[in-house]
Undergrad: 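Here you go, one structure.
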Amino acid sequence: KSNVPIGQPHRLTVAHDGKARVVVQLDGRQTAEFTAVGNCLGGAVVLGISSSTPVPIRNLSITGKLDPSDPKAARDRYVARALAKLWQPAAAAAAARDAAADKTAGARPAAAPSPRARRAQSLERTARPMVDAALRWLVQHQDDDGRWDGDVFMKHDDVTAEVSEGPGDAMHDVGVTALALLVLAANGATGNSGAHRASYRRGGEWLVVQQNLESGLFVPDLAARRIYDHALATLATIEAATLTGEERWRRAAQQGIDYLAQHRNPYSCFGYQARNNENSLSLTAWCLEAYLAAERAGLSVSKEALQLMAQFYDMVSDPTGLHGYTKAGEGSSRDAAAQAMRFPITKTATLTAAGLFGRHLLGQDPKAKPIMNAAAGMVTGRLPQWDVRGGSVDECYFYFGSHALYLHGGQPWSQWRKALLLMAAEAQRKDGTAAGSWDAVGAWSVHGGRVFTTAMLALSLLAPARYERAVR
């Protein structure tokens with residue numbers, strides 16, 4: 001209702017209903033709400049005021065006005081400083097457990113590195129340090145319970161330093177956690193071996209707990225297009241099941257695929273709501289990746305669904321190589337008119353890259369499908385650029401373009417990779433608590449924030465580790 005000056009003492013009142021909510025009021029003017037989903041942290045100190053009631057905490061949202069000169073930065077600083085005192089003991093305990101797990105694993109005979117791990121370690125000299133820095137940032141910003149918190153990740157920053165900015169939407173913790181796990185897996189973590197094995201296992205365990213055992217959904221509902229979160233969680237769980245061989249993750253992965261089968265439109269592909277007869281290439285691209293990972297893992301997958309997805313790729317594309325959002329001739333999608341103005345679709349070719357990636361995953365051959373070479377030409381005509389003002393930062397484009405052109409190979413891949421490495425090296429943060437991450441300034445950052453952007457850039461750099469090219 002009114003301004004809350006940063007750095008000045010305030011009266012803090014805590015009301016806990018004993019079930020699911022904790023409401024915090026500053027001077028009767030500022031309200032914050034904690035949702036009781038995570039660990040209980042009792043006797044916590046927030047801004048110097050003690051709360052004797054155990055407070056289960058997940059997310060913090062603040063309503064009202066902050067510093068009008070820079071409300072976003074003021075909010076981030078306020079949130080980080082308030083929560084750092086709550087989370088630091090738990091984070092320290094988690095770090096100690098991880099170190100102990102790594103030490104125990106190190107005492108066992110070292111397992112031979114997987115082919116994926118060997119490919120990850122053989123990345124270019126310019127790419128490997130960027131991936132290592134991104135991994136450090138991601139692991140440092142993982143919650144004690146295993147999740148990556150998309151909107152309040154800065155609670156892990158040093159309370160005395162300038163905190164990382166760029167929160168995402170609290171509704172997409174499942175999605176960003178899945179992406180972070182895909183990064184760790186691409187780098188060679190399996191839960192039993194590889195760098196950051198303990199972090200990988202904790203994240204995978206948190207993800208499995210989120211799944212509804214009846215429906216198989218990893219999210220509570222499909223609001224805010226959270227079907228993307230489910231598709232990503234399914235893909236990450238399939239990889240975890242493959243890497244660990246553990247039956248509980250295998251069951252969760254199969255349930256995730258089974259839900260996608262129920263969600264898919266009859267005789268077609270995937271839309272944002274179940275069986276609504278509306279198809280989206282962007283969503284179908286992620287579902288296809290999950291389906292094919294499930295097939296490789298020996299899970300039960302509908303062959304008809306794979307055939308229908310291949311047909312859909314033909315339906316939404318034309319001989320120029322352009323792949324549309326729902327039909328041929330369309331460009332990439334944007335959430336709203338304001339987003340379309342800020343991130344013009346002419347700057348990238350996201351869905352064309354997604355289409356080319358999907359065609360390679362399906363085993364299509366550019367010699368038999370000339371549209372694939374046309375699509376590769378279109379994508380290389382719009383190489384990666386970190387032009388914030390010009391609106392060319394599109395995390396999904398970097399991801400799909402990297403994977404598509406790596407599988408395509410040849411000059412298109414060389415051109416793309418050179419541009420990606422230059423862009424990523426220049427844009428990656430080198431300073432303070434944000435070091436190793438990438439700023440949340442892209443077309444989809446509003447949803448996933450800094451965790452999402454960092455994971456997507458790391459996955460783009462790790463594309464050569466995640467898949468092997470077909471021998472033709």
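Just the heavy atoms: all of them, side chains too, but no hydrogens, waters or symmetry mates, feed the values below.
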Undergrad: Compare all side-chain heavy atoms of F270 with those of N265 and state whether any distance is below 4.5 angstrom.
TA: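 When only atoms from C-beta onward are counted, N265 and F270 do not touch, as no gap falls below 4.5 Å.
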
Undergrad: Any donor and acceptor pair, going by atom type alone, linking the side chain of R450 with main-chain N or O of S437 inside 3.5 Å?
TA: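 Side chain of R450 to backbone of S437: no pair is present.
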
Undergrad: Side chains of T348 and R382, heavy atoms from C-beta outward: is any pair under 4.5 Å?
TA: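 Of all side-chain heavy-atom pairs linking R382 with T348, none is under 4.5 Å.
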
Undergrad: For W444 and D394, test the side chains for any donor-to-acceptor distance below 3.5 angstrom and give the result as yes or no.
TA: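 A pair is found: one side chain offers a donor N or O, the other an acceptor, under 3.5 Å apart.
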
Undergrad: Within a reach of under 6.0 Å around CD of Q339, are more than 12 heavy atoms found that belong to other residues, nucleotides or ligands?
TA: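 Yes.
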
Undergrad: Please examine the side chains of H172 and V219, heavy atoms only from C-beta on, and report whether any two atoms are closer than 4.5 Å.
TA: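 No, their side chains stay 4.5 Å or more apart.
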
Undergrad: Flag the pair R128 and D132 as a salt bridge only when some basic side-chain nitrogen lies within less than 4.0 angstrom of an acidic carboxylate oxygen.
TA: yes

Undergrad: Using the benzene-type ring in the case of Trp, are the ring centres of W148 and Y200 under 6.0 Å apart?
TA: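 Not close enough - the centres of the two rings lie 6.0 Å or further apart.
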
Undergrad: Any side-chain heavy atom of H263 within less than 4.5 Å of one from I227?
TA: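 With C-beta onward as the side chain, the pair touches.
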
Undergrad: Answer whether the closest heavy-atom distance between the side chains of L306 and L292 falls below 4.5 Å.
TA: yes

Undergrad: Under the ring-ring contact (aromatic ring centres under 6.0 Å, His included) criterion, do W137 and F153 qualify, and how do the steps go?
TA: CA-CA 11 Å; W137 188 89; F153 60 84; 5.6 Å; yes

Undergrad: Is the distance between the ring centroids of Y467 and F357 under 6.0 Å?
TA: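 So the answer is yes for these two rings.
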
Undergrad: Would you check if the distance from the ring center of W286 to the ring center of Y399 is below 6.0 Å?
TA: yes

Undergrad: According to the interplanar angle, ranging from 0 to 90°, do the rings of W413 and Y406 count as parallel (below 30°), tilted (30 to 60°) or perpendicular (above 60°)?
TA: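 Taking Y406 first and then W413, their aromatic rings stand perpendicular (interplane angle over 60°).
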
Undergrad: Between T326 and E278, is any side-chain donor less than 3.5 angstrom from a side-chain acceptor?
TA: no

Undergrad: For A424, is there any backbone N or O sitting under 3.5 Å from a side-chain donor or acceptor partner on W438?
TA: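 It does hold such a pair.
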
Undergrad: Between Q428 and G436 (side chain of the first, backbone of the second, donor and acceptor by atom type, cut-off under 3.5 Å), is there such a pair?
TA: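 Checked: pair present.
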
Undergrad: Taking the inter-plane angle between the rings of Y272 and Y325 on a 0 to 90° scale, is it parallel (under 30°), tilted (30 to 60°) or perpendicular (over 60°)?
TA: tilted

Undergrad: So does I371 get a backbone contact from the side chain of S317, meaning a donor-acceptor N/O pair under 3.5 Å?
TA: no

Undergrad: Considering only heavy atoms from C-beta outward, does the side chain of W249 approach that of L243 to under 4.5 Å?
TA: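 Sidechains of L243 and W249: no contact.
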
Undergrad: Would you call the rings of H230 and Y259 parallel, tilted or perpendicular if under 30° counts as parallel and over 60° as perpendicular?
TA: perpendicular

